[in-house]
Amino acid sequence: MIGVFVPARQGSRHRAELKGERVSTLASKIVPFGSGSRIVDTACRSLSIAAGGLQALEARFSEREFAATFLRMVGMLMKVRGRVIVTGIGKSGIVARKMTATLTSTGTPAIFLHPADAGHGDLGMVTPDDVVLMLSHSGESTELGPIIQYCKRFAIPLLGMTAQPQSTVAQAADICILMPDVQEACPNALAPTTSTTVQMAFGDALAVSLMEMRGFSADDFHKFHPNGRLGAQLIKVRELMARDEQVPMVREDASLLDATIEMTRARLGGTAVVDRNGRLIGAFTDGDLRRTVTGKQNLTEPVGRFMTQTPQAVGPDELASEALHMMHERNIMLLFVCENGRLTGALHMHDLLHAGVA
């Protein structure tokens, strides 16, 4: 049964204890709350309020002053020679940590400074080349005071994010983004809910804007995300392909027997067919061999007569995930890698599986 807590009656509990009976505190504090549909309605209402907060934030960007302030903030972050020091306390601090991680992984060096530690030596990490980005919904968190004073004393640029224009943070900041003062989803209007959602969304918008300004590419992303599934999706073909002696290849005038021996040696299920200049002109696979050898063909016949002409190839700097998509589309297991038309490698489906790309 679903329920909520209510105070247990003191008298009944006392009488039970006098009798030596074990009292269940949890059971004595649960009363029926309502149907499941009411709970679902509550969840949907919370999401609707959050969506309204995001719409309010989006609407702010259509205001000339807000857009101009945002552009100034982006400009300052683009020019910073050091790092972005992101700080906040409480729920804003948690959002600040997430913003720090997003900025750092997308090309903007950032570090989180906990306000409680700032006054105990951690302010030493802030240098004149840095810029401080301070998050506070109310703008009046006392823990932020030492950081504000430090920025003013050493002329360190201070960027603020708050919903209160007359707050300490708003007044102290060199550039201040005034967030919409949104309705919290909390029925008591106390727990930060919608406000932190809006802060998080603004942080993502800021990071993505900086990414585009820097021309941050998939290659750059891979440098910062070498591990896990995300890193695997950004691996280049050249990192996985077989090369040099591992690449099966024969000339077009080689016999079917020679092509079969080459396929067996490389164990990739096929061989490339190249011309005298090493340019890829065909492919001969296990499937081609089965279709060819029907009892009528002589294994001394040239492979060029039975190869697949102009086979599918991929460049070494293509993403391995794109090569995998190509294989799926054409229902093939082997791709040859060419650079300027010349054969440079071979990529098998198993290579992609082992690397975690698939």
Side-chain angles (χ1 to χ4, degrees), residues 101-102 104-107 204-205 207-250 252 259-260 262-275 277-292 303-304 306-358:
T102 303
T104 300
S105 67
T106 53
D204 288 342
V208 171
S209 299
L210 291 167
M211 281 179 66
E212 292 201 0
M213 287 287 289
R214 298 183 193 281
F216 196 79
S217 67
D219 284 344
D220 298 320
F221 207 85
H222 184 220
K223 293 173 186 175
F224 298 142
H225 301 80
N227 296 328
R229 181 167 178 80
L230 183 58
Q233 293 295 318
L234 297 171
I235 291 175
K236 295 292 187 66
V237 167
R238 69 167 68 250
E239 298 176 54
L240 300 178
M241 70 183 190
R243 60 184 75 221
D244 302 327
E245 300 293 331
Q246 299 173 328
V247 182
M249 70 175 79
V250 294
E252 60 181 320
T260 303
E262 181 67 359
M263 285 193 297
T264 304
R265 180 193 68 80
R267 302 171 67 87
L268 291 178
T271 181
V273 183
V274 298
D275 63 15
N277 297 315
R279 301 179 71 85
L280 181 68
I281 59 173
F284 189 73
T285 66
D286 287 338
D288 295 324
L289 179 62
R290 288 192 294 271
R291 288 185 290 270
T292 298
V303 70
F306 308 101
M307 69 182 184
T308 298
Q309 296 185 8
T310 60
Q312 187 63 48
V314 66
D317 291 319
E318 297 290 335
L319 290 176
S321 56
E322 294 175 359
L324 176 65
H325 177 70
M326 200 179 297
M327 288 181 179
H328 283 315
E329 271 194 338
R330 292 162 177 78
N331 195 27
I332 57 178
M333 297 286 290
L334 179 64
L335 275 176
F336 291 108
V337 184
C338 293
E339 194 166 15
N340 299 322
R342 294 177 61 86
L343 180 68
T344 58
L347 184 67
H348 196 277
M349 175 72 79
H350 292 166
D351 300 321
L352 300 171
L353 293 173
H354 290 156
V357 178

Taking Cys338's backbone N and O only, do any of them form a donor-acceptor pair with Arg279's side chain (distance below 3.5 Å, no angle check)?
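No: the side chain of Arg279 does not pair with the backbone of Cys338.
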Partners passing salt bridge (Lys or Arg N to Asp or Glu O under 4.0 Å) against Glu262 (at least two apart in sequence or in another chain):
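Salt bridge (Lys or Arg N to Asp or Glu O under 4.0 Å) list for Glu262, sorted by chain: Arg265.
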Could you check whether any side-chain heavy atom of [X] comes within less than 4.5 Å of a side-chain heavy atom of [Y], counting everything from C-beta outward?
| X | Y | result |
| --- | --- | --- |
| Thr106 | Leu210 | no |
| Met241 | Val314 | no |
| Thr308 | Asp288 | yes |
| Leu268 | Gln246 | no |
| Gln312 | Leu335 | yes |
| Phe336 | Leu343 | yes |
| Met333 | Met327 | no |

Can you pull out every side-chain hydrogen bond (donor to acceptor under 3.5 Å, both in side chains) where at least one residue sits in residues 332-346? Sequence neighbours excluded, please.
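Output for this query is empty, none listed.
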Please round to the nearest 0.5 Å and tell me the distance separating atom [atom1] of [X] and atom [atom2] of [Y].
| X | Y | atom1 | atom2 | answer |
| --- | --- | --- | --- | --- |
| His348 | Ile332 | NE2 | CD1 | 10.5 Å |
| Leu347 | Leu352 | CG | CG | 4.5 Å |
| Ser321 | Met326 | OG | CE | 10.5 Å |
| Thr260 | Leu289 | OG1 | CG | 4.5 Å |
| Thr102 | Met211 | OG1 | CE | 10.0 Å |

Could you tell me which non-hydrogen atom of [X] sits nearest to which non-hydrogen atom of [Y], and how far apart they are?
| X | Y | value |
| --- | --- | --- |
| Asp317 | Lys236 | O-CD, 3.1 Å |
| Val250 | Thr271 | N-OG1, 3.8 Å |
| Ala346 | Val247 | N-CG2, 4.1 Å |
| Glu322 | Glu318 | OE1-OE1, 2.7 Å |
| Gly315 | Val237 | O-CB, 3.7 Å |
| Thr285 | Met263 | C-SD, 3.7 Å |

Please enumerate all residues that pass ring pair (Phe, Tyr, Trp, His ring centres under 6.0 Å) together with His354, with sequence neighbours excluded.
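Expected list: none.
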Would Leu324 and Met349 count as a side chain to side chain contact (heavy atoms under 4.5 Å, CB included) here? Give the steps.
CA-CA 7 Å; Leu324 176 65; Met349 175 72 79; 3.5 Å; yes
Should we count CZ of Arg330 as having more than 12 external heavy atoms under 6.0 Å?
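Yes, the 6.0 Å shell around CZ holds more than 12 heavy atoms from other groups.
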Glu329 CD: over 12 foreign heavy atoms closer than 6.0 Å
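Counting neighbours around CD of Glu329, more than 12 heavy atoms of other residues, nucleotides or ligands fall under 6.0 Å, so yes.
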